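Take a look at the structure set out below.
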Amino acid sequence: MSDWKNRLGVLYSTNPDFEYATEQDEEPDTLPASEQRLRLSLSKKQRGGKEVTLITGFVGSTADLEALGKTLRQRCGVGGSAKEGEIIIQGDQRQKLLTILPALGYTKTK
């Protein structure tokens with residue numbers, strides 16, 4: 001991925017050994033499933049009146065978040081997405097998720 005947007009403050013360097021250092025956040029290590037504190041909630045905000053189930057509180061890498069999101073969407077048989085630390089599942093799927101998540105090892109789910 002091009003990082004030119006991060007370099008907008010630098011015009012040009014005549015130093016041949018110059019390397020522009022960008023600030024990159026390190027992803028936290030993924031906690032084991034039994035230590036994750038996931039929260040389920042129902043939301044309609046900014047979705048045209050449609051209901052979605054939000055799963056927040058996941059601590060870990062983006063790849064692990066997307067993998068969990070994909071598994072949950074497949075088990076519920078609906079669409080959704082996983083981004084910015086939360087998983088969005090279409091529709092009111094809270095009851096299904098309360099049975100699926102403990103089966104996957106996420107025991108601290110509310």
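These figures come from a predicted structure and were not determined experimentally.
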- Item | Side-chain heavy atoms of Leu68 within contact of Leu104, under 4.5 Å |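 Heavy-atom side-chain distance check passes, below 4.5 Å.
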
Determine the minimum heavy-atom distance between [X] and [Y], stating which atoms define it.
X: Leu42; Y: Gly91; result: CD1-O, 4.5 Å
X: Cys76; Y: Ile100; result: SG-CD1, 4.0 Å
X: Leu38; Y: Tyr106; result: CD1-CD2, 3.6 Å

- Task: Any pair with a residue in residues 89-98 that passes side chain to side chain donor-acceptor pair (under 3.5 Å), sequence neighbours left out, goes on the list, sorted by first then second residue, please.
- Result: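 Counting only pairs at least two positions apart or across chains, the side chain to side chain donor-acceptor pair (under 3.5 Å) contacts touching residues 89-98 are Asp92-Arg94.
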
- Task: Could you name each residue pair satisfying side chain to side chain donor-acceptor pair (under 3.5 Å) that touches residues 65-80, not counting sequence neighbours?
- Result: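 Not a single pair qualifies under side chain to side chain donor-acceptor pair (under 3.5 Å).
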
- Query: Using a side-chain heavy atom cutoff under 4.5 Å and only I, L, V, M, F, W and Y, what cluster partners does Ile88 have?
  - Reply: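 Grouped by the 4.5 Å side-chain rule, Val52, Leu54 form the rest of the cluster around Ile88.
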
- Query: Are Leu101 and Val78 connected in the hydrophobic side-chain network, where two residues link if heavy atoms are under 4.5 Å apart?
  - Reply: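 Yes; Val78 is reachable from Leu101 via cluster members.
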
Nearest-0.5 Å distance, [atom1] of residue [X] to [atom2] of residue [Y]:
X: Thr53; Y: Leu40; atom1: OG1; atom2: CG; result: 7.5 Å
X: Leu72; Y: Ile55; atom1: CG; atom2: CD1; result: 5.0 Å
X: Glu86; Y: Glu84; atom1: CD; atom2: CD; result: 7.0 Å

- Would you say the side-chain atoms of Thr56 pair up with the backbone N or O of Gly85, donor to acceptor, closer than 3.5 Å?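 Flag not set: sc Thr56 to bb Gly85 has no pair under 3.5 Å.
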
- Applying salt bridge (charged side-chain N to carboxylate O under 4.0 Å, His left out), name anything that partners Arg47, two or more places apart in sequence or on another chain.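 Once residues adjacent in sequence are excluded, Arg47 has no partner under the salt bridge (charged side-chain N to carboxylate O under 4.0 Å, His left out) criterion.
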
